[in-house]
Structure formats: structure tokens, C-alpha cells
Amino acid sequence: MIASDNDSVISIRFDKTIILIGFMGTGKTTVGRILADRLKMPFFDTDKLIEDLEDTPISDIFKTKGESYFRNLEAQVLAEVLDGKKLVLATGGGVVLNKDNMSLMKSSGVVIALTAGLDTVKARLQRSSGRYLVDGADFDEKLERLYESRAGLYEDAHIIVSVDDKVPYDIADEIIYKISLFNQNNIW
Ligand code: S3P
């Protein structure tokens with residue numbers, strides 16, 4: 001149910017885990033933190049859990065141990081964090097590459113895909129670093145190839161929200177509104 005409190009901030013009581021998926025740079029962590037705050041739920045991020053587990057930044061894990069090592073850890077951490085407690089979870093952009101991850105996420109809560117056009121992710125990722133898969137001189141080429149290779153993989157979510165030209169607080173509001181509609185209709 002949506003209720004406006006005295007500060008005019010939309011709040012909602014929701015008792016299911018919320019899982020954010022989406023390409024790098026779509027704002028899963030930022031939006032996830034806002035959602036967790038609004039919904040009074042704990043927030044987790046699979047990348048952060050992996051970094052804590054390995055005591056190493058993600059880009060160094062890729063560099064020293066390789067992508068398949070990282071993907072195994074990602075699947076392991078995902079299964080551990082989705083153990084039944086209610087939470088908001090931001091995932092790494094590649095979590096959808098593993099079909100078992102996708103099935104687990106869909107059976108554990110509401111999966112929300114944040115989508116963005118290539119121009120949006122390019123502009124956002126140009127301003128940040130530390131993403132091994134696109135870092136380096138051939139950033140544009142790597143990014144375009146990766147973006148195309150992921151086309152369609154995020155569309156199997158329960159809810160899809162485009163983030164193009166939107167700010168994180170508005171995206172969180174849109175998610176809460178869409179969740180409330182689905183919730184009322186007992187879609188899950
Ligand atoms: C990856 C996305 C990253 C991180 C890793 C791999 C990907 O997370 O998990 O660098 O394969 O798309 P963000 O989507 O949070 O940047």
C-alpha cells in the first residue's frame with residue numbers, strides 16, 4: 001500500500017525481497033540504497049559481498065583470478081544472500097549470464113531490471129573507473145560489444161524501468177509505484 005507521510009515521501013509496506021538487475025552504470029546500487037531506506041529493509045550488493053569475501057576489489061579479482069572465478073563467487077554469494085530474509089539486493093551487471101542465477105532471483109523475490117540506452121551507460125561509465133570489462137583505451141569498443149552481447153538478458157525481470165534521463169530518487173519512486181500495483185493485484 002502506498003502512503004504519503006508528513007514529509008511527502010512515498011512510503012510503502014512491502015514484504016518481499018527486491019532484486020535489482022541491469023547493465024553496468026544503470027544505478028542499481030544507488031537506487032537500491034534509496035529503496036532500502038524508503039522500505040526500511042536491509043540493503044546488500046553482491047559486488048560488495050564479493051569484495052568483502054575476497055578482501056580484494058572486483059577489478060583485481062578479474063585481473064588475477066579471471067572472470068570464471070568471479071562468476072562462481074557471484075553465484076555462490078547470490079545463493080547465500082537470498083536465503084529467505086527480506087532485503088533489497090543490487091547485483092552486478094553480469095549476474096544474468098547464468099540462467100540458474102536468474103531462476104533463483106525470480107523465485108526469491110521481485111526482480112526489477114533497470115534499463116538504459118547505450119548513450120546513457122557510456123556517459124555514466126566514462127565518469128567512473130574500476131570496471132575491468134570496459135576499462136582501458138578501447139573503452140568505446142569494449143562497451144559497445146558488451147552492451148550488444150547482453151541485449152535481451154535483462155528483459156526477463158518482473159518489472160522493467162528505464163533510467164534514461166531520470167534521477168535516482170524518481171527511479172525509486174517509480175519502482176515503488178509499480179511494485180504497489182503488482183502487489184495489489186497479487187501478481188506474485
Ligand atoms: C560486471 C558488472 C560489475 C561487476 C563486474 C562485472 C558485468 O557490476 O559485477 O565488474 O559483467 O557487467 P556493476 O554492474 O555494478 O558495475
Side-chain angles (χ1 to χ4, degrees), residues 17-36 42-82 87-102 104-106 109 111-157 159-164 166-168 171-172 175:
T17 283
I18 295 174
I19 302 155
L20 296 167
I21 63 171
F23 197 79
M24 286 181 263
T26 50
K28 301 173 294 280
T29 302
T30 307
V31 171
R33 283 187 195 285
I34 297 171
L35 282 174
F43 173 74
F44 291 89
D45 183 322
T46 55
D47 281 349
K48 173 81 171 64
L49 291 171
I50 292 168
E51 289 187 330
D52 289 349
L53 189 68
E54 294 282 293
D55 198 19
T56 311
I58 299 287
S59 55
D60 288 351
I61 301 175
F62 268 83
K63 245 179 264 169
T64 59
K65 300 196 168 159
E67 178 162 358
S68 62
Y69 180 87
F70 172 80
R71 297 295 171 208
N72 286 335
L73 271 183
E74 188 171 51
Q76 180 193 318
V77 156
L78 186 72
E80 280 168 16
V81 76
L82 293 177
L87 47 91
V88 177
L89 180 68
T91 59
V95 78
V96 294
L97 295 171
N98 177 334
K99 286 197 169 59
D100 291 341
N101 286 348
M102 199 63 196
L104 174 65
M105 292 189 290
K106 288 193 77 179
V111 179
I112 296 163
L114 301 186
T115 62
L118 180 59
D119 288 348
T120 302
V121 293
K122 202 177 264 187
R124 291 179 178 199
L125 294 176
Q126 259 160 356
R127 294 195 297 263
S128 68
S129 63
R131 265 122 169 162
Y132 178 79
L133 293 175
V134 294
D135 274 352
D138 44 357
F139 166 81
D140 281 324
E141 202 187 310
K142 282 183 183 164
L143 178 62
E144 279 163 32
R145 220 179 308 121
L146 196 66
Y147 185 88
E148 273 162 31
S149 75
R150 299 268 174 90
L153 289 181
Y154 302 106
E155 282 161 21
D156 193 23
I159 294 175
I160 298 178
V161 174
S162 163
V163 304
D164 288 327
K166 294 177 192 162
V167 295
I171 297 163
I175 291 171

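First listed ligand is number 1; within each ligand, the first listed atom is number 1.
For E80, there are no side-chain hydrogen bond (donor to acceptor under 3.5 Å, both in side chains) partners two or more places apart in sequence or in a different chain.
One finds no salt bridge joining D45 and R33 here, because no Lys/Arg side-chain nitrogen approaches an Asp/Glu carboxylate oxygen to under 4.0 Å. At a threshold of 4.0 Å, the pair R71-E74 counts as salt-bridged, since one of the basic side-chain nitrogens sits closer than that to a carboxylate oxygen.
You'll find the side chain of D156 reaches within 4.5 Å of the side chain of K106, heavy atoms only.
Remark: the backbone N or O of G93 is paired with a side-chain donor or acceptor of Y154 at under 3.5 angstrom.
Within 6.0 Å of NZ in K122 there are more than 12 heavy atoms belonging to other residues, nucleotides or ligands.
Listed as neighbours of ligand 1 are M24, K28, D47, I58, F62, F70, R71, G92, G93, G94, R131, L133, R150, each bearing a heavy atom under 4.0 Å from the ligand.
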